[in-house]
Amino acid sequence: MTQSVVVQVGQCGNQIGCCFWDLALREHAAVNQKGIYDEAISSFFRNVDTRVVGDGGNISKGKICSLKARAVLIDMEEGVVNEILQGPLRDVFDSKQLITDISGSGNNWAVGHKVFGRLYQEQILEKLRKSAEHCDCLQCFFIIHSMGGGTGSGLGTFLLKVLEDEFPEVYRFVTSIYPSGEDDVITSPYNSILAMKELNEHADCVLPIDNQSLFDIISKIDLMVNSGKLGTTIKPKSLVTSSAGALKKQHQKPFDAMNNIVANLLLNLTSSARFEGSLNMDLNEISMNLVPFPQLHYLVSSLTPLYTLADVNIPTRRLDQMFSDAFSKDHQLIRADPKHSLYLACALMVRGNVQVSDLRRNIERLKPSLQFISWNQEGWKTSLCSVPPVGHSHSLLALANNTCVKPTFMELRERFMRLYKKKAHLHHYLQIEGMEESCFMEAVSSLSALIEEYNQLDATRSMPVEDLPRLSVAM
């Protein structure tokens, strides 16, 4: 069994990470009721005898003593990490695996990347090496960060280069939260574009998630609950209610519930690595099957059901409806409509009591409505994990390498250019040592090249399959 390490960077990364660990513990507790430290738990947790000082306390089998998350927590402000250490999950995190500062990155990618990157590089490397030493077979680093702030975008992408240099054989999966158009960080377009260049160059797979999409999903849940539609009820003390028990107002952004959706995405993504199944998918198979060209490693994710039972009681969707939902724009975690764009490849990760025949039937049913690129008409990768999420009979995560991600990148470039043409706020970046105006031009050129690759793929959609140019082989 392989292990993975989660590296959560910045305020957003640590809040989502905290939610992920909470849900992962609940999931394993539901399955492992005898409290035995098994291979499933070992994929993301160490078993430690806290009475033993130093590394001698690691226990490889037997009863669970004290579980420690395979995680590194990084933030250049102390607030969120301190909250975690004072909260119910405080014993899950090893205090030796935290890196914090007090000043913050001031919503400036250059501060996070150039200043704190240099300052904390050795400490970060030490924590990563220690995490790797605790693994028998380290397969993947999961990085969780946001694109709009300073620490998540700057230090989060600095970390990618460190991982590539130090652990070249270990996969780097990045969950990146993209800012909405109404983001309250004015410099978020700069931070996002500068971070995108690093993602293009140093990530193996990126799961882009749009804050606005998450907010829209939560708003739909609110509407369903308020209308009493489909017998939907909301549980007291759930993530979509306030502490007073009343539903959160539409104009407030319920970040806990939004983070919960991203945490569920990660739970489903890692389910095959943690549990048995009739058709397991290794994490390296995702990259191998879904990324045909190095830079086109952005995977659009959709999830059904979108909410755990801890949030809302919603009647279970019929199995076939669940597959249809995964391809509808309402269930995408970025604002995109993959059905009307071009698929390079698609992975379906199913959990629960679902048969291979159910998978095949639904793929055949949906295929006529989906357009796959000519040279990969059968570009499906599937997995079946027998353990469903807590409170559900089944779930589905779809990962699509699809040109529908292009509008998100184009909108980001437009927002960047509006600021950059006026040179607004540029001086905050240029006063940082090692930061020059050419950094901005290189970053926007990198993004434009990526958009052009998607344009070229989209241009093939109107060409009949048989007329596409093919490689000539000399005989």
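Throughout, residue positions are numbered sequentially from 1 according to the sequence presented. Values in this document were obtained by computation on a predicted structure and should not be read as measured data.
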Partners of [X] by side-chain contact (heavy atoms from CB on, under 4.5 Å), sequence neighbours excluded?
| X | answer |
| --- | --- |
| Asp358 | Leu319, Val354, Gln355, Arg361 |
| Val162 | Gln121, Leu125, Leu128, Phe158 |
| Glu83 | none |
| Ser66 | Thr50, Lys68 |

Can you sort out the partners of [X] under ring-ring contact (aromatic ring centres under 6.0 Å, His included), two or more places apart, ordered by chain and number?
| X | answer |
| --- | --- |
| Phe323 | none |
| Phe20 | Phe44 |
| His297 | none |
| Phe409 | Tyr298 |

Heavy-atom closest pair, residues Val300 and Cys404: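 Taking every non-hydrogen atom into account, CG2-SG, 3.8 Å.
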Would you call [X] and [Y] a salt bridge, using N to O less than 4.0 angstrom?
| X | Y | result |
| --- | --- | --- |
| Asp22 | Arg26 | yes |
| Lys406 | Glu453 | no |
| Arg360 | Glu364 | no |
| Glu39 | Arg274 | no |
| Glu411 | Arg335 | yes |

Nearest-0.5 Å distance, [atom1] of residue [X] to [atom2] of residue [Y]:
| X | Y | atom1 | atom2 | answer |
| --- | --- | --- | --- | --- |
| Asn260 | Leu23 | CG | CG | 5.0 Å |
| Leu412 | Tyr178 | CG | OH | 7.0 Å |
| Leu214 | Leu333 | CG | CG | 6.0 Å |
| Asp325 | Ser302 | CG | OG | 9.0 Å |
| Ser153 | Ile177 | OG | CD1 | 13.0 Å |
| Met281 | Thr382 | CE | OG1 | 6.0 Å |

Does any N or O in the side chain of [X] come within less than 3.5 Å of the main-chain N or O of [Y], such that one atom is a donor and the other an acceptor?
| X | Y | result |
| --- | --- | --- |
| Gln33 | Ala29 | no |
| Lys63 | Lys34 | yes |
| Asp204 | Cys140 | no |
| Gln377 | Ile373 | yes |
| Asn107 | Gly149 | no |

Ring geometry between His28 and Phe45 (parallel below 30°, tilted from 30 to 60°, perpendicular above 60°): perpendicular
Audit row: Asn455, Thr403, side chain to side chain contact (heavy atoms under 4.5 Å, CB included) steps and yes/no: CA-CA 8 Å; Asn455 282 335; Thr403 59; over 6 Å; no
Would a 4.5 Å heavy-atom cut-off, applied to side chains only, mark [X] and [Y] as touching?
| X | Y | answer |
| --- | --- | --- |
| Val9 | Ile144 | no |
| Val6 | Leu266 | no |
| His113 | Leu155 | no |
| Leu73 | Val7 | no |
| Ile451 | Arg413 | yes |
| Glu77 | Thr100 | no |
| Leu67 | Val48 | no |
| Ser213 | Gln332 | no |

Just checking, is any N or O donor in the side chain of [X] or [Y] under 3.5 Å from an acceptor N or O on the other one?
| X | Y | value |
| --- | --- | --- |
| Asn200 | Ser446 | yes |
| Arg70 | Ser131 | no |
| Arg415 | Ser188 | yes |
| Arg365 | Ser324 | yes |
| Ser395 | Asn268 | yes |
| Asp320 | Asn362 | yes |
| Asp216 | Gln212 | yes |

Pair up each side-chain donor or acceptor in residues 10-18 with any protein partner under 3.5 Å, not counting sequence neighbours, and list the distances.
unit_1	atom_1	unit_2	atom_2	d
Asn14	OD1	Gln8	NE2	3.3
Asn14	ND2	Gly10	O	2.9
Asn14	ND2	Ile74	O	3.0

Step-by-step ring-ring contact (aromatic ring centres under 6.0 Å, His included) determination, Phe293 to Trp375: CA-CA 13 Å; Phe293 307 110; Trp375 40 260; 5.8 Å; yes
Neighbour count above 12 (heavy atom, 6.0 Å) for Asp330 CG: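 Above 12, so yes.
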Whether over 12 other heavy atoms sit under 6.0 Å from Gln295 CD: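 More than 12 heavy atoms, drawn from other residues, nucleotides or ligands, come within 6.0 Å of this atom.
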Name every donor-acceptor pair, under 3.5 Å, that has one atom in a side chain of residues 282-292 and the other anywhere in the protein, sequence neighbours excluded.
unit_1	atom_1	unit_2	atom_2	d
Asp282	OD1	Gln139	NE2	3.1
Asp282	OD2	Gln139	NE2	3.1
Glu285	OE1	Lys381	NZ	2.8
Glu285	OE2	Asp282	N	2.8
Asn289	ND2	Glu285	O	2.8

Acceptor/donor pairs from residues 169-176 side chains to any protein atom, 3.5 angstrom cut, sequence neighbours excluded:
unit_1	atom_1	unit_2	atom_2	d
Arg172	NE	His202	O	2.6
Arg172	NH2	His202	O	3.3
Ser176	OG	His145	NE2	2.8

Steps toward salt bridge (Lys or Arg N to Asp or Glu O under 4.0 Å) verdict (Arg351, Glu27): CA-CA 13 Å; Arg351 300 181 62 183; Glu27 203 165 81; 3.1 Å; yes
Which donor-acceptor pairs under 3.5 Å do side chains of residues 337-350 form with protein atoms, sequence neighbours excluded?
unit_1	atom_1	unit_2	atom_2	d
Asp337	OD2	His340	ND1	2.7

Test log, rule side chain to side chain contact (heavy atoms under 4.5 Å, CB included), inputs Val81 and Ile99: CA-CA 9 Å; Val81 173; Ile99 298 174; over 6 Å; no
